[in-house]
2 protein chains.
Amino acid sequence: MKCAHTHTDPILLLSQNGIRPTKIRKAIVGLLFDGHDKHVSVDDVIGMARASDIKTSVASVYNTLNHFTDAGLLRRITMDGGRTFFDTNLSEHHHYYFEDEERLEDIPQGVMKLQGLPKLPFGRRIKSVGIIIRV
Amino acid sequence: MKCAHTHTDPILLLSQNGIRPTKIRKAIVGLLFDGHDKHVSVDDVIGMARASDIKTSVASVYNTLNHFTDAGLLRRITMDGGRTFFDTNLSEHHHYYFEDEERLEDIPQGVMKLQGLPKLPFGRRIKSVGIIIRV
DNA sequence: GTGTTTGCAAAGTGTTTGCAATTTA
DNA sequence: TAAATTGCAAACACTTTGCAAACAC
């Protein structure tokens, strides 16, 4: 079982994914992978960093989150208006979107199922399935 | 049955939805509701307008598409990178997203079903369900 | 020491807004 | 004619880029 409340060692998490454990990367990993799944925006991370007295820049946060996403440490989710969230939960799952709060929340796994997947267009295979329930 | 190949009268479509039938609105409705479902970006519409010798501006196309969306004539879909599409098909349906072509396509209706909808967060009701299958 | 990363400011992209001129009912 | 709409340019929000200084190995 994947335990959502295990605090992985930041340096390990980075080096295991082939990412150089630099100062701000360690700091941001520490902020994001604290044992609780999160859906954060770039601004959220900048705010969290500031609140933790981690000095960095907008560009570096973008660099870092993009790099983490490419390395498979985060999942990117784009909502209406181009609002981008980074999801720390990589297991297959879907989301509620609270329109009034502009906030994502995981849908508990294992209950919801998609039935009757239609034929795919010729020569295509499914890369991923995203379900968002707006509430 | 909703027929996707009926060419609705542009002026009627506008006035029935409480939208003033101005020149560019009629033109854009004519471009979009030609009997074939479409997923267009703002740039697409600007291109289509230009190709039809309809003189307008970026701002007016944004105004018009946003207005149509608010009035329930179009449905807005935002993809990764903030790419926005406007869908002329308002019936309940879902989409394939062709990643390499950055293009949406309707999934034929009636085959796919979502089973076991989980309990909603307290005090919430479903506003919409969006399913996107990346291929 | 060498190659990578950081962080600033500048540039880029997509979208909205202010406003005078125009159009619509 | 009064109210709404158009279209230009400027403003805006978000994201990426260029590059010199700092850092990691």
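Each chain gets a letter, A, B and so on, in the order the sequences are listed, and its residues count up from 1.
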If you compare every side-chain N and O of Tyr62(B) against the phosphate oxygens of dT15(C) (OP1, OP2), does one of them come in below 4.0 Å? yes
Side-chain N or O of Thr84(A) versus OP1/OP2 of dC14(D): is the shortest distance under 4.0 Å? no
N or O in side chain of Thr56(B) less than 4.0 angstrom from dG7(D) OP1/OP2: yes
If only atom types and distance count, is the side chain of Arg25(B) paired as donor or acceptor with the main-chain N or O of Arg20(B) below 3.5 Å? yes
Between dT5(D), dC8(D), dT6(D), which nucleotide gets closest to the side-chain atoms of Ala59(B)? dC8(D)
Reported NZ-to-OG distance for the pair Lys55(A) and Ser60(A), which is rounded to 0.5 angstrom: 12.0 Å
Looking only at non-hydrogen atoms, find the nearest pair between Gly81(B) and Thr78(A) and report the distance. N-OG1, 3.7 Å
Taking only the side-chain nitrogens and oxygens of Arg25(B), find out if one of them lies under 4.0 Å from OP1 or OP2 of dA4(D). no
Interatomic distance, Glu102(A) CD vs dC14(D) P [rounded to whole Å]: 10 Å
Which of these nucleotides, dC8(C), dA25(C), dC25(D), is closest to any side-chain atom of Pro21(B)? dA25(C)
How long is the line joining CG of Asp80(B) and P of dT15(D), in whole Å? 12 Å
Quick one: on DNA chain C, does Asn63(B) or Asp43(B) contact a more 5' nucleotide (nearest heavy atom)? Asp43(B)
Below 4.0 angstrom from OP1 or OP2 of dT6(D), is there any side-chain N or O of Thr22(B)? yes
Can you confirm whether the side chains of His93(B) and Asp87(B) place a donor and an acceptor under 3.5 Å from each other? yes
Atom-pair distance (CZ on Phe86(A); P on dT15(D)), nearest Å: 7 Å
OP1 or OP2 of dT16(D) less than 4.0 angstrom from a side-chain nitrogen or oxygen of Asn66(A), does that happen here? yes
Shortest non-hydrogen separation from Ala71(B) to Asn17(B) and the atoms involved: O-OD1, 3.8 Å
Spacing between Leu65(A) atom CG and dC14(D) atom P, to the nearest angstrom: 15 Å
What nucleotide, of dT6(C), dT15(D), dT5(D), holds the atom closest to the side chain of His67(B)? dT5(D)
Looking just at side-chain N and O atoms, do Asn66(B) and Arg76(B) make a donor-acceptor pair shorter than 3.5 Å? yes
Taking for each residue the nucleotide of DNA chain C with the nearest heavy atom, is it Arg20(B) or Arg83(B) whose nucleotide lies nearer the 5' end? Arg83(B)
Where do Leu73(A) and Phe33(A) come nearest, in terms of heavy atoms and distance? O-CZ, 3.3 Å
N/O (side chain, Ser57(A)) to phosphate O (OP1/OP2, dT6(C)) under 4.0 Å: no
When rounded to whole Å, the CD1 to P distance for the pair Ile46(A) and dT15(D) reads 9 Å
How close or far is atom C1' of dC23(D) from atom NZ of Lys55(A), stated in whole angstroms? 16 Å
So the stems of DNA chain D, runs of at least three Watson-Crick or G-U pairs (under 3.5 Å), are C:1-25 with D:1-25
Counting N and O atoms only, with roles assigned by atom type, does the side chain of Thr88(A) sit under 3.5 Å from a partner on the main chain of Leu32(A), one being a donor and the other an acceptor? no
Atom-to-atom span, NZ of Lys23(B) to P of dA4(D) - whole angstrom: 21 Å
Atom-pair distance (CD1 on Ile54(B); C1' on dT5(D)), nearest Å: 17 Å
